[in-house]
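Comments concern the structure below.
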Amino acid sequence: MILSGKDISEKRLESLKEEIENSGLNPCLATVIVGNDPASQMYVRMKHRACDRVGIKSAGVELPEEVTTSEVVEAVSKLNADPSVHGILVQLPLPKQVDTEAVIESVSPEKDVDGFHPYNIGQLFSGRPQFVPCTPGGIMTLFNEYGIELSGKKAVVVGRSVDVGRPMAALLINADATVTVCHSRTKDLEAEMKEADILVSAIGKARFVKEEMVKEGAVVIDVGINYDENGNLCGDIDFDTVSKKSSAITPVPGGVGPMTIATLMENTLKSAKYHADLQN
Ligand SMILES: Nc1nc(=O)c2c([nH]1)NC[C@@H]1CN(c3ccc(C(=O)N[C@@H](CCC(=O)O)C(=O)O)cc3)C=[N+]21
């Protein structure tokens, strides 16, 4: 079975659009982008396009590559104070002179639709998630939509990043899976991966995961965004061989990526609802 993030995200965006139309709310997402990295610009454009589609207003702040931490924090503070803005997304990565943690912590937790603020991370790890990071949140939606059981399953997450690996582990724990988190210092990565009923790969190496590293019937989730020697977008998983052994697998493109964007839209609507309730 192919887990089509493309299809599920389309479906979720359609129903979001309807919900927003009928809500009387005016949700608004503000993005902050620093510099002119083409990949970041493309992702931000995709997010604005998704906003247009579902009826979320969007605003973009663009800052030059040489910006200081306090200039980024100041831009975020203005958005925090703007009552018409419900969600704030600071596109990562930031240039090296900018203190990424300080910027993330400057985003009001109530508008942190990326779910990267320590408050939201703490809520997630306490089992009381508020804003869930969009990539792992989107993966949970895929499990849900395809009826994939997680309770009691052995899940292996490869990667311990703050945006994917760590929150993915927390969400799987919250869903009663038994979770192992692997990373670059893991002793026998292949042996760990082979144990997984649910394998989530956020490694960042093109087609690194081969058939022999995966258990028969596993559910395989590919978070990788890599380019092969021909410049083609591909994931961490060697899809052609692994898909023959897995029971379910996400493709790249058309898997996790579109779900990330759909979840960002859902988080923004959630924030707009929350802020509307505060006023009543
Ligand atoms: N603050 C912040 N929040 C993010 O959520 C965030 C970020 N920074 N920095 C970069 C990553 C990356 N990311 C993607 C979103 C959608 C696709 C996506 O939809 N990809 C398409 C393919 C697009 C293509 O053709 O390259 C797909 O997989 O089908 C990919 C990657 C969000 N990120």
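Keep in mind that this is a model prediction, so the values were computed, not measured. Both counts, for ligands and for their atoms, begin at 1 and track the order of listing.
- Here the protein heavy atom with the shortest distance to atom 1 (N) of ligand 1 is Asp114 OD2, 2.6 Å.
- If you check which protein heavy atom lies closest to atom 16 (C) of ligand 1, you get Gly257 O, 3.4 Å.
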Given Glu266 and Arg12, is the salt bridge (Lys or Arg N to Asp or Glu O under 4.0 Å) satisfied, shown in steps? CA-CA 9 Å; Glu266 292 177 346; Arg12 308 273 299 196; 2.8 Å; yes
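- Backbone and side-chain nitrogen or oxygen atoms of Thr260 are examined, and none is located within less than 3.5 angstrom of a nitrogen or oxygen of ligand 1.
- Under 4.0 Å from ligand 1, not a single heavy atom of Lys6 appears.
- When only non-hydrogen protein atoms are considered, atom 31 (C) of ligand 1 lies nearest to Tyr43 CE2, 3.3 Å.
- Neither the backbone nor the side chain of Leu264 has a heavy atom within less than 4.0 Å of ligand 1.
- For Cys134, the heavy-atom gap to ligand 1 stays at 4.0 angstrom or more.
- For atom 25 (O) of ligand 1, the closest heavy atom belonging to the protein is Leu233 CD2, 4.0 Å.
- At least one N/O-N/O distance between Val90 and ligand 1 falls below 3.5 Å.
- Shown here for Phe239 and Pro251, the closest heavy-atom pair between the two residues is CE1-CA, 3.9 Å.
- Hydrophobic cluster membership differs between Leu199 and Val223, with clusters built from Ile, Leu, Val, Met, Phe, Trp and Tyr side chains linked at under 4.5 angstrom.
- Scanning the protein heavy atoms around atom 8 (N) of ligand 1, the nearest turns out to be Leu92 N, 3.1 Å.
- Proximity of Lys47 to ligand 1, defined as any heavy-atom pair under 4.0 Å, is confined to the side chain (atoms from C-beta onward).
- Under 4.0 Å from ligand 1, the heavy atoms of Ile225 that appear belong solely to its side chain.
- Look at Val252 and you'll find every heavy atom at least 4.0 Å from all atoms of ligand 1.
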